[in-house]
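In what follows, a structure is listed as structure tokens, so that the remarks can point back to it.
Only heavy atoms go into these numbers, but all of them, side chains included; no hydrogens, no water, no symmetry mates. Numbered from 1 within each chain, the chains take letters A, B, ... in sequence-line order.
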Protein chains: 2
Amino acid sequence: MPAAVEPVSVARRSGKSEVHILRRTQEQRTAETRAALFAAAVATISRLGYSGASNAEIADEAGVSRGAITHHFATRAAFIAEVVRWVFEQEVAAYQQIQRDRHVGTRVSDWPAISWEVLSRPSGVAVLEIFVASRSDPELASLIRPAQQAIEEAAASAFFDRIGATVRDPAAIRLVVWAVRGMALGREFIDDPGSMQASVDLLTSMFARLSPSGNLEELIG
Amino acid sequence: MPAAVEPVSVARRSGKSEVHILRRTQEQRTAETRAALFAAAVATISRLGYSGASNAEIADEAGVSRGAITHHFATRAAFIAEVVRWVFEQEVAAYQQIQRDRHVGTRVSDWPAISWEVLSRPSGVAVLEIFVASRSDPELASLIRPAQQAIEEAAASAFFDRIGATVRDPAAIRLVVWAVRGMALGREFIDDPGSMQASVDLLTSMFARLSPSGNLEELIG
DNA sequence: AAACATACTGTCAAGCATGCACGTAATAAT
DNA sequence: ATTATTACGTGCATGCTTGACAGTATGTTT
């Protein structure tokens, strides 16, 4: 049936050959579809929660069929693991961009606000949900474990280097990251989500009062 | 078939009637089975994660059949919601017992350690997993919402009353509770789970240094 | 332009979880 | 004792999700 509709790339007859208005290289098609799938996964998990985010839902959100997911990723666990890595890359970039654009991050008291801004976004909460889900999925757990370690080290470097820390005690950074993650998650379950900001501000002010100079030793000493 | 095996309550013939060694009232049977199911739910969620904790797994862990769950709870969501309430009751009791037995809780700097001790237990993490799962289950979400509010108020009272707070600012208590929950969750995903204690200790020392007197105004001021 | 490679779609089978219906065992009531 | 009521076990049916496969469309190479 040559009269079939072509939803995405509209075709026209010009002479004998068909030229497509939207002509993309295979590389572009792959990159765009994968990006759309990653974004759709985050959006769908944010909207429906992890177990509500089936491949069918994600594919619908991305405007493709489930087969596209099957084609690009060997298994669902592999797909989700790549979603995690994609988000991590964006988070690292966001850390750096915030530090650069707003000239913050040189003092430890900047950490809570920066972490909150990055990790409280839908993608941050989505990744946390994936982490929780990985506890019932050994395959997924084994795939995201290395990614988790990588992000932990990347975040640590981004923070420690910025303040010029002499001791790289992970306790402070873990406190900030997981406390902020916990608050981001908790925001989903309280009546007034905006009120969680006050708790973040309190953590920030505690950091600032304990380390006026902004260095880490003063805080952990 | 009178020769059938009776696995739990052994029967003996004495004269014409059968007396059972383990004779419990219906009330006792119900209470014990429900308690076993609650404990089994927590244990199974801790071991396999929420979506790995099917009713079949939980029933196996409790030593009963799936039918027992069906009998006692109208639906799975109702079952899980009662698990949450059961855990909350235990948590409130644990808060009070710790404060009583160890004579702590009169200073805000006691909060992190007490919260950690209670919320980092398997049941605390299990409840958090249930909360996350409720995002994809509207029925479950609507059932645990009131329980969540109740525990929040109960915890607030337990803490505020104990330190004799004049201002009952929820920001501090939310910071502690959700930061601790986040750290308890994070502990499941780092290489050395024991190292999270250092972050809890850091939070504790920050509270102590900012509020040597132990009252809340000093901390949030 | 023809042949090939890659991207994507639609359908099907298998597995698993929940809820339901019915059967059996244990306790309570008469 | 008997009958009733409650507690619990077991098999069936439905719905949903993932993975597999065969087919179609689009892009690339020669």
task: Give the rounded distance in Å between these two atoms: CG of A/Asp60 and C1' of C/dG10.
output: 14 Å

message: A cation-pi test, strictly: NZ or CZ of A/Arg76 under 6.0 Å from the centre of the six-membered ring of A/Tyr50 and no more than 45 degrees from its axis. Yes or no?
response: yes

- request: Please work out which residues in residues 32-47 of chain B have a non-hydrogen atom less than 4.0 Å from an atom of DNA chain C and list them by number.
  value: none

field: Rounded distance in Å - CG (A/Leu140) to C1' (D/dT18)
entry: 14 Å

Side chain proximity check, A/Leu140 to A/Ile130, heavy atoms < 4.5 angstrom: yes

task: Nearest whole angstrom, please: distance from the P of C/dA17 to the OH of B/Tyr50.
output: 13 Å

message: Does any part of the side chain of B/Phe131, heavy atoms only, come nearer than 4.5 Å to the side chain of A/Glu188, both counted from C-beta?
response: no

- prompt: Is the count of non-hydrogen atoms from other residues, nucleotides or ligands lying under 6.0 Å from B/Arg85 atom CZ greater than 12?
  reply: no

- prompt: Roughly how many Å is it from CG in B/Asn55 to P in D/dT10, rounded to a whole number?
  reply: 16 Å

message: Please report the distance, rounded to the nearest Å, between CD in A/Glu27 and P in D/dT29.
response: 11 Å

- request: May I ask you to say what A/Ser65 touches in the nucleic acid, namely base, sugar-phosphate or nothing, with a heavy-atom cut-off under 4.0 Å?
  value: base

Centroid-centroid distance, B/Trp111 to B/Phe159, less than 6.0 Å: yes

message: Nearest heavy atom decides the nucleotide; on that basis, is B/Arg29 or B/Ala53 closer to the 5' end of DNA chain C?
response: B/Ala53

task: For DNA chain C, find the residues of residues 66-77 of chain A with a heavy-atom distance under 4.0 Å and give them by number; none if there aren't any.
output: A/Arg66, A/Gly67, A/Ala68, A/His71, A/His72

- request: Would you indicate whether the side-chain heavy atoms of B/Val200 and B/Val180 approach each other to under 4.5 Å?
  value: no

message: Less than 4.5 Å apart, side chain to side chain, heavy atoms only: is that true for B/Phe207 and B/Pro112?
response: yes

query: How close or far is atom P of D/dA25 from atom CZ of A/Arg23, stated in whole angstroms?
result: 17 Å

message: Judged by each residue's nearest nucleotide on DNA chain D, which is more toward the 5′ side, A/Gln26 or A/Glu139?
response: A/Glu139

message: I'd like to know if the side chain of A/Glu153 pairs up with that of A/Gln149 as donor and acceptor (distance under 3.5 Å, no hydrogens or angles considered).
response: no

- request: For B/Asp137 and C/dT18, give me the distance from atom CG to atom C1', rounded to whole Å.
  value: 12 Å

field: Crowding at CD, A/Glu27 (>12 non-hydrogen neighbours, <6.0 Å)
entry: no

task: Take atom CZ of B/Phe79 and atom P of D/dC8, then tell me their distance rounded to the nearest Å.
output: 13 Å

